[in-house]
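Values below: every heavy atom of this structure, side chains too, minus hydrogens, waters and symmetry copies.
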Amino acid sequence: GLPLPAGIDPRKGVLISGRAPVWLYAYLVHECHPTLWVACFDPRLGAVVTSTHSTDVSVGSVIPLEMLNLAAPSIQGNTISPPRDDSALPLNEERGPGLLIVGPPDSGKSVLSHQIFSTLVKDYPDIYLQRAHWDGEGNWTLELPEKETAEATDEEREAYKLANKGGLTTSFFPYQGQAILNLRQQKRLVIVDAGGMVQPEKKSILEACTHYLIISSKPEEIEPWHDFCLGEGGLEPVAVIHSVLETQCEVIKREPFLEMVSGPWIMGQTVGIPTDLKETIVKILL
């Protein structure tokens with residue numbers, strides 16, 4: 001029973017933009033089918049055409065962010081935005097910061113990234129979490145119902161991750177780097193989870209970010225990440241978190257960057273982030 005907004009001109013294309021469930025997008029694409037063309041906005045790419053009656057665009061083609069920002073006559077159309085707007089058009093003249101979350105495997109990077117995003121988005125909706133890795137883990141696995149509800153066990157979560165796990169290709173990190181740059185042009189903050197290995201292939205990620213945060217359960221693994229992010233990438237350090245399995249939150253130092261012992265960073269056991277960490281990240285966001 002959800003009606004389309006009034007005033008849609010069927011002689012033009014329709015751009016659907018915003019953070020919303022997949023089923024709502026499917027419904028809107030179907031309802032907008034009589035228009036000249038229909039595209040869905042992806043802040044990493046632009047407007048991806050999903051149906052068309054025009055020879056100007058084809059299904060699967062991408063209308064670049066720059067053309068959307070300029071509102072070129074050839075692609076002018078209607079815009080439908082679900083309630084939680086995620087489009088952030090037009091493009092910003094200056095890019096927002098990109099915060100790279102790094103550290104060795106099994107330190108809690110995915111959980112920390114999700115908690116930073118979930119905590120900050122309540123007050124700053126114009127931020128974005130980009131998973132720049134192929135391990136199959138993302139917000140969708142972290143937000144599945146907890147095992148206490150008997151809806152998703154730990155084993156099922158691991159099976160979901162493995163079913164969607166990919167691998168390194170020559171185009172993977174260059175694509176991610178460009179996606180991060182595109183996101184930074186629209187968002188006040190882009191949080192990037194790039195996996196747990198120091199790899200030269202991640203140079204594109206380093207070039208696309210401005211700051212970094214290390215979370216590590218192994219003290220000896222911290223310095224190599226400083227060498228990579230600060231030494232090779234020239235990124236600005238924001239914080240170092242010594243990840244522990246016990247419930248603990250202790251600040252070691254605040255300058256030249258925040259260093260603290262904190263834990264546990266385990267799915268289902270962590271809600272929110274320490275106040276000191278939140279305030280530190282908000283400073284670069286503002």
Side-chain angles (χ1 to χ4, degrees), residues 4-5 8-20 22 24-26 28-82 84-100 125-134 138-139 166 169-194 201-210:
L4 293 177
I8 292 179
D9 186 349
R11 297 170 298 178
K12 296 181 178 180
V14 170
L15 172 59
I16 306 172
S17 172
R19 188 181 298 136
V22 174
L24 178 54
Y25 266 77
L28 291 173
V29 169
H30 176 75
E31 290 296 296
C32 294
H33 181 73
T35 60
L36 188 62
W37 50 259
V38 183
C40 297
F41 182 70
D42 184 327
R44 298 164 296 187
L45 299 173
V48 183
V49 178
T50 57
S51 69
T52 182
H53 302 292
S54 170
T55 57
D56 292 333
V57 294
S58 57
V59 171
S61 63
V62 179
I63 302 170
L65 296 168
E66 292 76 14
M67 291 186 69
L68 295 172
N69 188 44
L70 294 172
S74 61
I75 56 92
Q76 272 188 343
N78 311 280
T79 300
I80 298 175
S81 296
R84 292 186 63 190
D85 187 25
D86 192 37
S87 55
L89 292 175
L91 302 182
N92 299 322
E93 294 183 4
E94 295 184 6
R95 289 189 171 100
L99 175 61
L100 182 61
D126 200 15
I127 65 175
Y128 199 96
L129 171 56
Q130 175 74 354
R131 300 287 186 182
H133 202 54
W134 58 82
N139 292 353
T169 64
T170 55
S171 61
F172 183 83
F173 284 120
Y175 165 82
Q176 293 292 336
Q178 187 58 54
I180 294 165
L181 289 174
N182 289 343
L183 288 165
R184 286 181 52 208
Q185 203 167 357
Q186 305 163 73
K187 305 297 177 182
R188 296 180 66 180
L189 174 67
V190 179
I191 305 160
V192 181
D193 175 7
E201 293 89 349
K202 292 179 179 176
K203 183 179 179 181
S204 300
I205 302 290
L206 291 183
E207 294 174 346
C209 293
T210 58

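- Looking at Arg184, its side chain does come within 3.5 Å of a backbone N or O of Gly96 through a donor-acceptor pair.
- The line from CD of Gln176 to CG of Leu183 is 9.5 Å long, rounded to the nearest 0.5 Å.
- Judged purely by distance below 3.5 Å, without hydrogens or angles, the side chains of Asn182 and Gln186 never pair a donor atom with an acceptor atom.
- Closest of all the heavy-atom pairs between Val48 and Gly60 is CG1-O, 4.5 Å.
- Phe173 places none of its side-chain heavy atoms less than 4.5 Å from the side chain of Leu206.
- Scanning for side chain to side chain contact (heavy atoms under 4.5 Å, CB included) contacts around His33 gives Ser51, His53, with sequence neighbours left out.
- At least one side-chain heavy atom of Leu4 sits less than 4.5 Å from a side-chain heavy atom of Leu28.
- Across all their heavy atoms, Ala179 and Gln130 have their closest contact at CB-NE2, 4.1 Å.
- For the pair Glu201/Phe172, no side-chain contact is recorded, criterion being any heavy-atom separation below 4.5 Å from C-beta on.
- Across Val14, Val38, Leu24, a single residue satisfies side-chain contact (heavy atoms from CB on, under 4.5 Å) together with Val29, and that is Val38.
- Residues Lys12 and Leu36 fail the side-chain proximity criterion, which asks for heavy atoms closer than 4.5 Å.
- Applying side-chain contact (heavy atoms from CB on, under 4.5 Å) to Cys209 and the options Ile191, Leu100, Val190 leaves one that passes, Leu100.
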